[in-house]
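Below is one structure, written out as structure tokens; the observations come after it.
Only a predicted model underlies this, so the values are computations on that prediction, with no experimental measurement involved. Both ligands and their constituent atoms are indexed starting at 1 by order of listing. Throughout, residue positions are numbered sequentially from 1 according to the sequence presented.
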Amino acid sequence: MRNKEMLLIPGPTPVVDEIYDALSSETYAHTDPRFVKVFKNSLDQTKKLFNTDGEVFVVAGSGTLAMEMAIINTVAPGEKLLVISHGYFGDRFIPLAKAFGIQVETIQAEWGQHVRKEVVEEKLASGDFKAVTVTHVDTSTGIMANLDELVPAVKKAGALFILDGVCAAAAIEEDMQKTYGDPSYTIDVVLTGSQKAIGVPPGLAIVAFGPRALAAREAIADVHGYYTDIKNWLPIMKDPGKYYATPPVNMIYAFNKGMELVMAEGLNERYRRHAALGKAVRAGLMVYGMKPLAPEAIAAPTLSCVLYPEGVNDVEFRKRLAERGMVIAGALASLAGKAFRIGHMGNATEDMFVKALQIVGETLNEMGHEANIDKAVAEFTKIYHAR
Ligand SMILES: *Cc1c(COP(=O)(O)O)cnc(C)c1O
């Protein structure tokens, strides 16, 4: 790997050499048939990733742009949106929707807890909500939303189900034709960015619209966006040789390669690998007296927020890790200083996490906390291979 450091933050995630190679391809004209073929292939693979019979949109931007596209193309100003939030990224939909004159109501879980289905059902019964947002994995807390409960609750009420998959897509199943208890109970919109579980550098906003979400766009007379209006992109996504706004040619090359790697591994195997990896990383860290914020039953396969043992200084700890080539992220809001966040998604390898556990153990020992490195690595390896 060309990477010198282990980037184990909640995204961007480690980039493998094949993707760097694709990124440094010669920049052809965006209308050159050689490029158009690659663009088309990347879109076809994205459709397979979400198994949608609707349309996918891949444009220059980040996950936040994809969030914006999801909202403004389905909910008109004055209509009601319900935000179900398990943390910082769930909350991001609130100011975003308000910026477009959408009426927002929110159900916020206490950090580290789940929003209960009954609360959602009660809320939906109290008003005419056009859509509901759910963050599949909230990157602030490492909580994974329970789609088996939430999709039926939302669809029963007739609202559109919008899934923020930025920290989940390509690591946790997000199948838009999967039915959750009734043929009409399906996910309507899924969105993500290139830099998390897909393992490509940051730079792309990716969003999939199912048939009902596309119909919702048709029903909105005046969308408050131009670059973000999916109607402007529809002709390009159907025929990527057409021009609307210049696509980021090299990022598309990288994305296409990233998606090829995802498909070569196989979606189900990738989902199984991430589930095992999440459990294994947490089990390894627990040997050191660290405590994941999320109860294991709702802990994410992609990212963990982990509380320090008594007396470990966050800034000092992360600085020492960085000196050894391992980069993790601090925790947000009230957890800042008390916990850290470690990403375990995308193309990060088993070897990396063995090394990461060694570095964490050595650093703890150095800082005067006893850490049994062999035991942590053994625990990780056992669980990772038990899948
Ligand atoms: C990272 C992240 C975002 C924001 O994506 P950007 O690419 O930083 O704009 C949104 N939602 C979730 C769940 C995320 O993890």
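- Residue, atom and distance of the protein heavy atom nearest to atom 11 (N) of ligand 1 are Asp164 OD2, 2.7 Å.
- Between the side chain of Thr106 and the backbone N or O of Val83, no donor-acceptor pair lies under 3.5 Å.
- Cation-pi geometry between Arg2 and Tyr20 is not met at under 6.0 angstrom from the ring centre and within 45 degrees of the axis.
- Taking any N or O of Lys196, backbone or side chain, at least one lies under 3.5 Å from an N or O belonging to ligand 1.
- Interface atoms of ligand 1 facing Thr135, defined by a heavy-atom separation under 4.0 Å, are 13 (C).
- With hydrogens left out, the protein atom closest to atom 10 (C) of ligand 1 is Phe89 CD2, 3.4 Å, a heavy atom.
- In summary, Glu296 and Lys279 do not engage in a salt bridge, as defined by a charged side-chain N under 4.0 Å from a carboxylate O.
- Nearest non-hydrogen protein atom to atom 15 (O) of ligand 1 is Thr139 OG1, 2.3 Å.
- Both tests do not hold together for Arg92 against Tyr88: distance to the six-membered ring centre under 6.0 Å, angle to the ring axis within 45°.
- In this pair, Phe353 and His344 present their aromatic rings perpendicular. The plane angle is above 60°, beyond the 30 to 60° band.
- Residue-ligand proximity: Gly193 is placed with every non-hydrogen atom at 4.0 Å or more from ligand 1.
- In terms of polar-atom proximity, Met67 is not counted as a contact of ligand 1, lacking any N or O under 3.5 Å from an N or O of the ligand.
- The aromatic rings of Tyr253 and Phe35 lie perpendicular to each other, with more than 60° between the two planes, well past the 30° mark.
- Among Thr192, Thr302, Val166, the residue whose heavy atom lies nearest to atom 12 (C) of ligand 1 is Val166.
- Taking a cut-off of under 4.0 Å to the non-hydrogen atoms of Ser62, the atoms of ligand 1 that pass are 6 (P), 7 (O), 9 (O).
- Taking each heavy atom of Tyr308 and Gly337 in turn, the nearest pair found is CD1-O, 3.9 Å.
- For atom 5 (O) of ligand 1, the closest heavy atom belonging to the protein is Gly63 CA, 3.6 Å.
- Set against the non-hydrogen atoms of Cys167, the atoms of ligand 1 under 4.0 Å away are 15 (O).
- Summary of contacts: the protein heavy atom closest to atom 8 (O) of ligand 1 is Gln195 NE2, 4.1 Å.
- Listed by number with element, the atoms of ligand 1 under 4.0 angstrom from any heavy atom of Arg92 are 4 (C).
- For Val137, every heavy-atom contact with ligand 1 shorter than 4.0 Å involves the backbone, none the side chain.
- The cationic atom of Lys196 (NZ for Lys, CZ for Arg) lies less than 6.0 Å from the six-membered ring centre of Phe89 and within 45° of the ring axis.
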Inset, instruction - Decide side-chain hydrogen bond (donor to acceptor under 3.5 Å, both in side chains) for Thr363 and Arg320; before the verdict, give the C-alpha distance in whole Å, the side-chain angles of both, and the deciding distance to 0.1 Å. - result: CA-CA 7 Å; Thr363 303; Arg320 288 180 186 235; over 6 Å; no
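- Here's the thing with Asp138: none of its N/O atoms is less than 3.5 angstrom from an N/O atom of ligand 1.
- For Lys130 (side chain) and Thr74 (main-chain N/O), a donor-acceptor pair under 3.5 Å exists by modelled atom type.
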